[in-house]
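Heads up, the thing below is written out as structure tokens.
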Amino acid sequence: MHTDTFPSNPPPMATVDCPLPSPADLDDNGFPALPSSPAACSSGFAEDFYRSGTDWSSLRAPPPLGPPRRAPGVKERGGGSAVQSSLFQAWGIEKPRRDGRGAGDSSLVQRSLFQAWGIERPQREGLGAGDSSPSSSLSGSLLARKRRRGSTEEERVAAKKPLACPFYKKIPGTPFTVDAFRYGQVEGCSAYFLSHFHHDHYGGLTKKWCHGPIYCSALTARLVKMCLSVNSDYICPLELDTEYVIEGVTVTLLEANHCPGAALIHFRLSDGKTCLHTGDFRASKTMQSHPLLQRGRVNLVYLDTTYCNPKYKFPPQEDVIDFVVRTTRRYLKKQPKTLIVVGAYSIGKENVYLAISQALEAHIYTDASRRRILYSFGWPDLSKRLCSCNQSSSLHVLPLGSINHENLKKYLETLNGRFLAVLAFRPTGWTFSEATGKHLDLIKPSSNANVTIYGVPYSEHSSFTELRDFVMFLKPQKIIPTVNVGNATSRDKMQAHFREWLKSP
DNA sequence: GCGATCAGCT
DNA sequence: CACAGCTGATCGC
């Protein structure tokens, strides 16, 4: 679909040039301005800054909660939530079709938090890698923080207080947070959004969850219930491309092109201000045709900046899939009794093994726990290809961590001579280099006897150029990065890119 | 014995 | 490097 068909449509959003919710609270880099902190100088700055999310965008006071701690049902009348019609239907636009995606995970209920210093994992959840080691700098910054905040990390741990929710998980002007489940009850938060079912985003969600309603896509909702046993009363599934009014805020989920069920979350406040939280996403041209993502219509973006560095280059997913299928065919021609293995540890990467399955007309074997998850997607094209007999399938999906020579050699032996060799693929977004970014055929496998392993650059996050194109198309007024923000250097580099991208033409 | 948390590892 | 975890150890119950 071409993007220039949209300007003639009624703009779904209110005025484009309304000021941001509270610009005074943000410095020029999109971060909270700390009066006495020469940003990026002292190591204490980053700690304080990222730990004290509550200092920044304090959430709008929620309406009083009703006595029965029941999540407001989406369809509930008068409960503040109402389904409106699909945006695409409403404007007579054909909905861009998303290709089949899917994934699985074997043990989805564990959490491993990066809690040294009481901060999150440095990279994905965005807290300072440099400041994250307790042994690295217990000196001045800790004292400085104690002076400013009146308590130390050790005291927090001793008191068993949860971490503070970082500012970039809070949506200013609303009582909402996004992917903030590991902080206990977040002050002022009456609705918790979950962008997708990956551990570093749902971390903290357990069957004991009781802090408020959880809004997410229907597929994510099924996984939350099935894998985490969260009480259904708290789970509020939302359809994509459908406007819901939640606590006076119009909320729409959009396809994120990340993993099954992953959504961008679009908020429109009653004053017309708009905010997009990308969760994790891979930006694409298709997104530019969405009515809510037209140029200038989003004021504030919370951006998945996982690969916001020009060194991250990788091909389109289709090219990688094509490479995987071609390589598979070549190996099977040479040795027909080759077992094909694809690694995956959670939901995501389904299209890699689905494509092999289709090309080879082979069933997909994986263990029962992953099958259960994959069936739950409700995708016939995937479900019909799954099988439970490892001997009768030449295409297996295994946990990514098990894709190494030692393991695969053993695995091959358990299959009773049914196969003579293994060809395995590790689709791990960060398998990249200058060379393979452009020429997939330059990828060299690692081979050992009859086991061959290919790392392939199949990414479910945006590449640098995809990120740039997305932002330059969207032209938001402000960008808040959500990944790699813990390190002042990378933060400044990202901000320099943003400034460049948002320059007026 | 179980779940929650944490270090180490990939 | 860093994706999105996994494994094993420890602790409180």
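These numbers were taken from a predicted model, which means no experiment stands behind them. Each chain gets a letter, A, B and so on, in the order its sequence line appears, and its residues count up from 1. We use all heavy atoms of the structure for the numbers below, so side chains are in, but hydrogens, waters and symmetry mates are not.
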Verify the contact: side-chain N or O of A/His201 to OP1 or OP2 of C/dC3, cut-off strictly under 4.0 Å; return yes or no.
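No, A/His201 has no side-chain N/O under 4.0 Å of OP1/OP2 on C/dC3.
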Check this one for me: any side-chain N or O of A/Thr428 less than 4.0 Å away from OP1 or OP2 of C/dC3?
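For A/Thr428, the contact criterion (side-chain N or O under 4.0 Å from OP1 or OP2 of C/dC3) is not met.
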Is there side-chain contact between A/Leu339 and A/Leu423, with at least one heavy-atom pair below 4.5 Å?
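Counting from C-beta outward, A/Leu339 and A/Leu423 never come under 4.5 Å.
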Could you tell me which residues satisfy ring pair (Phe, Tyr, Trp, His ring centres under 6.0 Å) with A/Tyr192, sequence neighbours excluded, listed by chain and number?
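Result, ring pair (Phe, Tyr, Trp, His ring centres under 6.0 Å) vs A/Tyr192: A/Trp209.
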Which whole-number value in Å describes the distance from [X] [atom1] to [N] [atom2]?
| X | N | atom1 | atom2 | value |
| --- | --- | --- | --- | --- |
| A/His196 | C/dG5 | NE2 | C1' | 12 Å |
| A/His199 | B/dT10 | NE2 | P | 20 Å |
| A/Leu398 | C/dG5 | CG | C1' | 16 Å |
| A/Phe281 | C/dA4 | CZ | P | 13 Å |
| A/Asn484 | C/dC1 | CG | C1' | 10 Å |
| A/Asp200 | B/dT10 | CG | P | 20 Å |
| A/Ile403 | C/dC3 | CD1 | P | 20 Å |
| A/Asn407 | C/dT7 | CG | P | 10 Å |

Check whether any side-chain N or O of A/Ser346 sits under 3.5 Å from a backbone N or O of A/His198 as a donor-acceptor pair, and report yes or no.
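No; judged by distance alone, with no hydrogens or angles, the pair does not exist.
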Partners passing side-chain contact (heavy atoms from CB on, under 4.5 Å) against A/Pro445 (at least two apart in sequence or in another chain):
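Checked A/Pro445 against side-chain contact (heavy atoms from CB on, under 4.5 Å); matches are A/Tyr331, A/Ser447, A/Thr452, A/Tyr454.
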At 4.0 Å (heavy atoms only), tell me whether A/Lys208 reaches a base, stays on the sugar-phosphate, or touches nothing.
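Sugar-phosphate, backbone atoms only, no base.
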